[in-house]
Each structure stands twice: as C-alpha cells, then as structure tokens.
Amino acid sequence: MALTLDTYRPLGRSGLLVSPLALGAATFGTEWGWGAEREEARRLFDRYTELGGNFFDTASTYTNGSSERMLGEFARGNRDRLVLATKYSTLRRPGDPNSGGAHRKSMLASVEASLRQLDTDHIDLLYLNIWDFRTPVEEILRGLDDLVRQGKVLYVAVSSAPAWQVSRMQAIADLRGWSPLVALEIEYSLIERTGERDLIPMARAMGLGVVPFSPLGGGVLTGKYGREDLNPAGPVAGETAGSRRSLNAALGMVTERTLAVADAVKEVAAELGRTPAQVALAWTVNAPGVTAPIIGARTVAQLDDNLGALEVDLTPSQLARLDEVSAIDLGNPHGLLAGDHIRAVTTGGMKIKARR
C-alpha cells in the first residue's frame with residue numbers, strides 16, 4: 001500500500017506521530033565540503049513540509065552549527081507542527097574534552113547551544129548521539145529526565161550504542177520513573193543489516209522506534225558505484241581525496257558484496273520502473289520495527305526521487321531476492337537458537353508462532 005509523508009506513524013512507545021521518512025538536515029550547509037547552500041536547503045525544507053513531512057533530524061555540530069541555524073530559521077512560523085530531533089555528545093570545541101561526551105556537562109551545554117541555534121524554547125526529540133563507554137547510565141538518564149521536567153526536551157532517545165546498554169537504560173528508566181527512551185537511531189540498509197542481530201529486536205521489545213540513518217548505504221545502493229571503485233589503495237579515480245565518494249570507498253563501503261546487493265536493487269528497480277534509491281528506501285521503510293528512515297538529499301530533485309519510495313510496492317518474490325542477496329550471518333546465539341535441534345529439545349519439534 002502506497003504511503004505519503006502525512007501517513008504518520010507513532011514513534012516507539014510514545015504518542016508522538018512522525019512522517020515515514022525523516023528529512024536529514026546534515027546536508028544544510030556546505031561547511032563539510034558537500035551539502036546544500038542556504039537557498040537550496042530552504043527549497044528542500046519547503047518541499048518536504050508542503051507534502052506533509054514533519055520529522056527533521058539534525059545535531060548540534062552538523063555543518064559546524066549551520067544545520068541547526070538554517071533549520072531553526074526555516075521552521076519559524078510553523079514550529080508547533082514540526083518534530084525537530086537533534087543530538088548531543090560530539091565534540092563542540094577542539095581541545096576541550098568536556099565539550100563532548102555523554103555526561104551531564106556536555107549534555108546541558110549542547111542542549112543550550114541547540115536551543116539558541118534552532119531559535120526555539122524546546123527540542124522535540126533529543127538523542128544521545130555516540131556512546132562514550134565512560135559515563136554512568138544513571139547520570140545520562142537523570143540528566144535527560146531533568147531536561148524533560150524543565151520543558152527543554154519533550155522526548156529522549158539514543159543512537160549508536162550497544163543493545164545491552166540501551167535495554168539496561170530502558171529498564172532503569174522504567175524502574176525509577178524517569179523519561180523512557182522512545183527511539184533508536186542506527187545505521188540500517190540492505191548493505192548494513194547487522195542491527196537485526198540484537199539492536200532491532202531489542203528496540204521492538206523495549207518500545208523504541210527504529211530511525212535508520214544511511215538507508216542508501218552512503219549512496220552505494222543508488223547504483224553510482226561500480227567495480228572500478230574497488231580501490232582500497234587510494235582515492236577513487238577522478239575524485240578528490242576529500243570527496244564523499246572517495247570517503248565511502250576508503251571506509252570500505254564499496255565491496256564485491258555491497259556491489260552485488262546494489263546490482264540486485266537495480267534489477268528490481270528496472271522491473272518496477274523505479275530508481276534504485278526508491279527500491280532501497282522502500283525496503284527499509286517497510287522493514288519490521290522501522291519507524292522512519294532518514295533521507296539526506298542535497299537537491300530538490302534528489303528529495304523528490306527519495307520520496308517516490310513511499311509509492312513503491314515490492315512483491316513477495318522481489319523482497320525475497322533482496323533479502324537473500326543482502327542476508328547476514330546472525331551469529332551466536334541466534335543461529336543456534338533457530339536450529340531444528342533446539343526446537344526439538346524445547347518444544348518437541350513443534351512449530352510455535354513467535355509472539356509479535
């Protein structure tokens with residue numbers, strides 16, 4: 001069934017309703033060497049909201065603060081109908097270790113900076129962006145709850161953290177009556193499915209809506225990479241060393257496996273008369289547990305192409321082909337627990353439907 005941007009979905013265990021595709025504002029500004037100038041960013045914002053989109057994703061340090069400043073400017077006058085999500089924990093001042101991290105000092109300073117840059121009196125959704133392996137979970141949770149009680153933040157969430165820590169945080173928040181986590185932002189796409197081992201099942205069990213970033217695998221799933229990009233020794237031919245294309249190749253995102261997945265996506269796209277990006281996004285939008293993938297367009301043409309994913313209806317056979325070519329080994333204990341011999345010793349071999 002075709003979706004639209006105003007086919008809103010509840011975000012995790014909360015009553016907050018968001019669009020099935022979030023607009024990432026990391027492309028607002030060119031300070032990182034790529035992205036959209038102010039006029040084009042404004043057109044992206046206007047196009048997305050005109051079609052009913054209400055869910056925006058940014059961070060206090062994206063494009064050195066330009067992302068939040070532009071988003072705040074564009075949202076002025078229409079603020080109440082929008083859901084602005086931002087993040088804290090990335091370093092804001094080089095040389096100052098306390099300007100980053102998950103701890104309370106970093107949290108409060110980053111939130112105050114975001115409120116100024118977004119020109120708003122509250123943040124709808126605040127993510128802990130990157131787990132720092134130092135800060136006690138009680139410090140994080142109590143700090144987040146204080147912000148909610150002060151009205152500076154409405155909902156809290158987490159990104160890029162181990163599943164066992166997230167589930168522990170949720171249990172502690174529930175037991176102590178602190179604000180629960182309502183969303184989990186992770187990298188998830190047809191070429192990055194490791195979240196299916198623990199993160200996504202944990203999120204579904206704990207009431208967190210999954211918000212995937214990089215649903216196009218850094219552009220690999222759009223079909224713009226080929227075997228000539230398999231060059232780990234240096235920058236991609238014809239590209240500057242600082243380009244996003246070269247960066248993705250250097251990060252190991254362009255491999256024989258990921259290119260094989262991209263080839264399968266292109267085949268399905270040709271069958272449907274759609275673009276590869278639309279097929280890849282459609283798979284992620286409809287994946288179990290997913291609330292809203294984040295799209296990061298730099299032009300209105302790219303945005304319109306991405307939004308076309310909401311109209312894509314993949315057949316069971318096409319889904320099966322995409323799942324097969326992109327499948328991962330779930331590892332231990334998942335593979336063991338799914339085996340027939342385990343079912344035999346626990347249920348006598350009977351097939352029992354899992355609780356949803």
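Predicted model, so just to flag it, every value in this text is computed and none were measured. The residues of the chain are indexed from 1 along the displayed sequence.
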With sequence neighbours excluded, residues passing ring pair (Phe, Tyr, Trp, His ring centres under 6.0 Å) with F213:
none
I need the full list of ring-ring contact (aromatic ring centres under 6.0 Å, His included) pairs touching residues 151-194, with sequence neighbours left out, sorted by first then second residue.
Y188-W283
Do any N or O atoms from the side chain of T315 and from the backbone of Q318 form a donor-acceptor pair under 3.5 angstrom?
yes
Using a strict 4.0 Å threshold on nitrogen-to-oxygen distance, state whether K266 and D263 make a salt bridge.
yes
Ion pair check, D145 and R176, cut-off under 4.0 Å
no
Quick one: side chain to side chain contact (heavy atoms under 4.5 Å, CB included) partners of A161, sequence neighbours excluded?
W131, V158, V166
Residues forming a salt bridge (Lys or Arg N to Asp or Glu O under 4.0 Å) with E39, sequence neighbours excluded:
none
Short N-O contact, R193 and E196, less than 4.0 angstrom:
yes
For F55, which residues count as a ring pair (Phe, Tyr, Trp, His ring centres under 6.0 Å) partner, sequence neighbours excluded?
none
Does anything in residues 99-119 pair up under ring-ring contact (aromatic ring centres under 6.0 Å, His included), and if so which pairs, sequence neighbours excluded?
none
Is it true that R274 and E311 make a salt bridge, defined as a side-chain N closer than 4.0 Å to a carboxylate O?
yes
CA sep, side-chain torsions, deciding dist, call: T86, E68, side-chain hydrogen bond (donor to acceptor under 3.5 Å, both in side chains)
CA-CA 8 Å; T86 193; E68 285 191 336; 2.5 Å; yes
